[in-house]
Amino acid sequence: MRRKGGGIVGRIGLAEVSNPSMLPTLRPGDRLLLRYGAPVRPGHVVVLRHPFQHDLLIVKRAVERRADGWWVRGDNPHASNDSREFGVVPEELVLARASLRLRSPRGVQRSPGSLAGWAFSAVRPLSRRLRAR
């Protein structure tokens, strides 16, 4: 996408989920369609640089914008490394907003019914709804 003046508004990319911190919303092996530079609001799923390990990209839910950045949390309270551990994430470390989840076909049986069920649920927009805790 381009804006006036020829500058790029946002790039699109893919990322793969590698751990269970966002279960049940995202499973390991799921892919995310990302929009780099897209506006972030509370409830959005985002990709960010870990505040203490900048070479590590993580997927979390933006919960609340604070004066010094974003408070982020994983949807799985039992397997999550998030703002409860590392605090507020500076705005410049939030790289992209996830728009779609592409579910991995791993583990799907090859029967027509299983494949149809997988195809129906494989691509889903990500909701801004916050998970109850």
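Keep in mind that what you see is a predicted model, and the values were worked out from it rather than measured.
- Note that CZ of Arg101 and CE of Met22 are 11.5 Å apart. Values are rounded to the nearest 0.5 Å.
- With rounding to the nearest 0.5 angstrom, the CG atom of Leu26 is 11.5 Å from the CD atom of Glu16.
- Note on Leu56 and Val17: separate hydrophobic clusters, where clusters join Ile, Leu, Val, Met, Phe, Trp and Tyr whose side-chain heavy atoms are under 4.5 Å apart, directly or indirectly.
- Sorted by first then second residue, the ring-ring contact (aromatic ring centres under 6.0 Å, His included) pairs that include residues 58-96, not counting sequence neighbours, are His50-Phe86.
- Taking 4.5 Å as the limit, some side-chain heavy atom of Leu57 sits within range of a side-chain heavy atom of Leu95.
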*Evaluate salt bridge (Lys or Arg N to Asp or Glu O under 4.0 Å) for Arg66 paired with Asp68, printing each intermediate quantity in order.*
CA-CA 6 Å; Arg66 297 191 175 175; Asp68 47 354; over 6 Å; no

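- Grouping the Ile, Leu, Val, Met, Phe, Trp and Tyr side chains by contacts below 4.5 angstrom, directly or via other members, places Val47 apart from Phe52.
- Each of Val40 and Tyr36 belongs to its own hydrophobic cluster when Ile, Leu, Val, Met, Phe, Trp and Tyr are linked at side-chain heavy-atom distances under 4.5 angstrom.
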*So Val72 and Leu48, side chain to side chain contact (heavy atoms under 4.5 Å, CB included) or not? Walk me through it.*
CA-CA 10 Å; Val72 298; Leu48 55 124; 4.3 Å; yes

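- From Leu14, atom CG reaches atom CG of Leu33 across 6.0 Å, with rounding to the nearest 0.5 Å.
- Pairs passing the ring-ring contact (aromatic ring centres under 6.0 Å, His included) check and including a residue from residues 11-31, sequence neighbours excluded, do not occur.
- Of all non-hydrogen atoms in Pro20 and Pro28, the two that sit nearest each other are N-CG, 4.0 Å.
- Not a single donor-acceptor pair under 3.5 Å links the side chain of Lys60 to the backbone N or O of Ser21.
- Val63 is connected to Val88 through a chain of hydrophobic side-chain contacts under 4.5 Å among Ile, Leu, Val, Met, Phe, Trp and Tyr, so both are in one cluster.
- Taken from CG in Leu32 to CZ in Arg97, the straight-line distance is 12.5 Å, to the nearest 0.5 Å.
- Atoms CG and CG, from Asp30 and Leu100 in turn, are 12.0 Å apart once rounded to the nearest 0.5 Å.
- By the rule that hydrophobic residues join a cluster once side-chain heavy atoms approach within less than 4.5 Å of another member, Val46 and Val59 end up as members of separate clusters.
- Every residue two or more places apart in sequence or in another chain was checked for a salt bridge (Lys or Arg N to Asp or Glu O under 4.0 Å) with Arg27, and none qualifies.
- The backbone N or O of Gly43 sits less than 3.5 Å from a side-chain atom of Arg61, completing a donor-acceptor pair.
- Between Glu92 and Arg49 there is no salt bridge, since none of the side-chain N atoms of the basic residue sits less than 4.0 Å from a carboxylate O of the acidic one.
- Checked by atom type and distance alone, the side chain of Asp75 never pairs as donor or acceptor with a backbone atom of Thr25 at under 3.5 Å.
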